[in-house]
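Residues take their numbers from the sequence shown, with the count starting at 1. Keep in mind that the numbers below use all heavy atoms, side chains included, and drop hydrogens, waters and symmetry copies.
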Amino acid sequence: MAAMMDTSNKVSIIGTGLQYPPYKHGPEFIPMLVSRHYPSSPALQKVLEINMKTKIENRYSILPSDHPVWHQKSILTTTECDALFKEYGIPLAEDTARQALKDWGGNPMDITHVVAVTCTSMSSPGFDCTLCKNLGLGKNVRRTLLNGVTCASSIAAIRTAYELLLGASHEGKRARALVVACEAMTIHIRGIMEWIAQEETPNLGPVLFADGASALIMSNGICITKDEKPPLWNILGAQTTLLDNSDCVGIIPIITKELPKIIKSVLPSMFRTLIASTASLSSDENNYDPTTYDWALHPGGYSIIHGGEQALGLSPHHLRKSYDCYRTAGNTSSATVLGIIHRLAREHLSGEEGRDKMIGAAFGADITIEMIVFKKPSCVPDTL
């Protein structure tokens, strides 16, 4: 008897991509910038101390360490940052999108929705326009650009695409979404350091942030073609929560030592609320056990991952790709969790299958907490 995937009333992830720029900055990069541009101060000294304790081996950057930007006295303007994003960031987004499209296997002209996200470009129109043109997508593709959601926008982008595809299913329409996150965080490092020097207040941003792009293809399962890849995960539910904690000044993200404590304190209740609001999971008490899930937890810093591990009673294995992503690439803001999902999707290539369920969680300014729950699709008998 043949088997087929049960995709009725489901939105699934069916392709992934991840792309980092070619240049890496090690722990020695930030001390070099500080010694070149700033006199010694307690705030900067504290940042340098933390820089050597982050446990990040390398952070990717669109610019090499000898680029003139790192040597000039003036801070890049918003216009200059946007120009660099367009020159180096958009090709990065295009590369990861092509990876995800290839992984999916379908026809790019069948993409009906694009959800693009960045917090490192303020240009209008946004990079979604150029991306769609470069990829050769249809002119009637429904584009949504998320901006200003910071690190939480990785899950916010998936949630947005999920809700758009559920809407298409309600109308009985076939829908496929491309979700792309692209960040050029390092071009803003000098601006953050300038803020640290002027305000005489430590900020962990310069020692954590890095550049990268990641992508997903999502499907509502209507009119599947033979070329399309089977679903990797089905999305079961999502939620967003806004806490009353302001941690951002303009475009300068402020990451303080209080953030891991806040995240650790709210994660368990946020998780239970997500499960309770997910119809297919809420009635079984076993689903309220965090250890029955793999976790794609945004690595806003080592203390956030470790704090989440403690608060939820997890093992390092539950968070293996969060730790791996943080160690090898740092915090790439909105691109991070999508990149973790990509790494989890590739585990089968090395013989690992992981757990049947997964939680994606990310945190952003003010503080926004985004959570989403996935489950690997099951096969049902084909009685046709």
Side-chain angles (χ1 to χ4, degrees), residues 5 10-20 60 96-97 99-105 151-159 161-162 177-181 210 212-219 229-238 267 271 274 281 287 289-300 302 304-306 308-309 312 314-363 370-378:
M5 292 294 179
K10 291 184 174 66
V11 173
S12 308
I13 294 176
I14 53 176
T16 67
L18 174 63
Q19 186 67 49
Y20 294 116
Y60 287 90
T96 192
Q99 285 183 35
L101 290 166
K102 182 179 179 180
D103 188 41
W104 161 45
C151 298
S153 53
S154 53
I155 301 300
I158 301 175
R159 174 176 56 79
Y162 169 58
L178 167 64
V179 178
V180 180
S214 50
L216 303 176
I217 304 294
M218 295 168 57
S219 166
K229 181 178 181 177
L232 297 165
W233 291 281
N234 293 327
I235 300 174
L236 304 184
L267 263 179
F271 166 72
L274 172 63
L281 299 175
N287 291 325
D289 180 358
T291 65
T292 61
Y293 302 78
D294 276 330
W295 283 75
L297 182 68
H298 178 71
Y302 182 84
I304 287 180
I305 316 175
H306 187 61
E309 179 184 324
L312 295 163
L314 306 176
S315 69
H317 186 267
H318 289 93
L319 294 157
R320 57 196 178 281
K321 295 305 178 184
S322 295
Y323 278 118
D324 182 50
C325 184
Y326 175 77
R327 176 180 56 82
T328 60
N331 177 353
T332 54
S333 190
S334 71
T336 312
V337 173
L338 272 64
I340 294 170
I341 292 172
H342 172 83
R343 292 173 187 232
L344 286 166
R346 295 295 181 274
E347 280 192 322
H348 70 279
L349 298 176
S350 59
E352 284 192 77
E353 291 300 326
R355 296 167 179 83
D356 289 338
K357 296 174 293 184
M358 176 176 66
I359 298 290
F363 330 101
E370 295 273 352
M371 272 193 176
I372 194 164
V373 57
F374 307 86
K375 188 175 183 179
K376 291 181 179 178
S378 59

* Do the non-hydrogen side-chain atoms of L338 and I158 ever get within less than 4.5 Å of each other? -> yes

* Does some side-chain heavy atom of Y162 sit less than 4.5 Å from a side-chain heavy atom of I155? -> no

* Please determine which of L236, V373, L281 meets the side-chain contact (heavy atoms from CB on, under 4.5 Å) test together with N287. => L281

* To do: List the steps, then state whether side chain to side chain contact (heavy atoms under 4.5 Å, CB included) holds for D103 with R346.
  => CA-CA 11 Å; D103 188 41; R346 295 295 181 274; 3.5 Å; yes

* To do: Without swapping roles, check the side chain of Q99 against the backbone of L18 for a donor-acceptor pair under 3.5 Å.
  => yes

* Would you name the heavy atoms of A100 and G17 that are closest together and state the gap between them? => CB-N, 3.9 Å

* **Which atom of A215 lies closest to which atom of L178, heavy atoms considered** => CB-CD1, 4.3 Å

* Should C151 and H298 count as side-chain neighbours, where that means a heavy-atom distance under 4.5 Å? -> yes

* To do: Determine, stepwise, if the pair I13 / M358 fulfils side chain to side chain contact (heavy atoms under 4.5 Å, CB included).
  => CA-CA 12 Å; I13 294 176; M358 176 176 66; 5.6 Å; no

* Should M218 and I235 count as side-chain neighbours, where that means a heavy-atom distance under 4.5 Å? -> yes

* Asked: How long is the span from the NZ atom in K229 to the OG atom in S219, to the nearest 0.5 Å?
  -> 13.0 Å

* Structure fact -> Closest non-hydrogen contact found for L314 with P290 is CD2-O, 3.6 Å

* **From L319 atom CG to D324 atom CG, the distance as rounded to the nearest 0.5 Å** => 12.0 Å

* Asked: Given side chains that start at C-beta, do those of M371 and L267 come closer than 4.5 Å, heavy atoms only?
  -> yes

* To do: Report the C-alpha distance between K357 and D289 in whole Å, list the side-chain angles of each, state the deciding distance to 0.1 Å, and finish with yes or no for salt bridge (charged side-chain N to carboxylate O under 4.0 Å, His left out).
  => CA-CA 11 Å; K357 296 174 293 184; D289 180 358; over 6 Å; no

* Structure fact -> The residue among R320, K321, H317 that forms side-chain hydrogen bond (donor to acceptor under 3.5 Å, both in side chains) with D294 is R320

* Value rounded to 0.5 Å, distance of CZ in F363 from CD1 in I304 -> 6.0 Å

* To do: Drop me the distance from L101's CG to I217's CD1, to the nearest 0.5 angstrom.
  => 4.0 Å

* Asked: In Å, rounded to the nearest 0.5 Å, how long is the span from NZ of K376 to OG of S12?
  -> 14.0 Å

* Just say parallel, tilted or perpendicular for the rings of Y326 and Y302, cut-offs at 30° and 60°. => tilted

* Hey, is the main chain of A335 close enough, under 3.5 Å, to the side chain of S214 for a donor-acceptor pair? -> yes

* Structure fact -> Of all heavy-atom pairs linking A296 and V337, the shortest is O-CG1, 3.8 Å

* **Whether Y293 and F271 hold their rings parallel, tilted or perpendicular, with breakpoints at 30° and 60°** => perpendicular

* Asked: Hey, does T332 have a side-chain heavy atom less than 4.5 Å from the side chain of Y60?
  -> no

* Asked: Can you find a pair of side-chain heavy atoms, one from L274 and one from I359, that are under 4.5 Å apart?
  -> yes

* Does any N or O in the side chain of S154 come within less than 3.5 Å of the main-chain N or O of T336, such that one atom is a donor and the other an acceptor? -> no

* To do: Would you confirm whether W295, through its side chain, and S322, through its main-chain N or O, come within 3.5 Å as a donor-acceptor pair?
  => no

* To do: Report yes if the side chains of H318 and L312 come closer than 4.5 Å at any heavy-atom pair, otherwise no.
  => no

* Structure fact -> Between A161 and V179 the two heavy atoms that sit nearest each other are CB-CG2, 3.7 Å

* Asked: Once you round to the nearest 0.5 Å, how far does CG of L216 lie from OG1 of T16?
  -> 7.0 Å

* Which heavy atom in A210 sits nearest to a heavy atom in A329, and how many Å separate them? -> CB-O, 3.2 Å

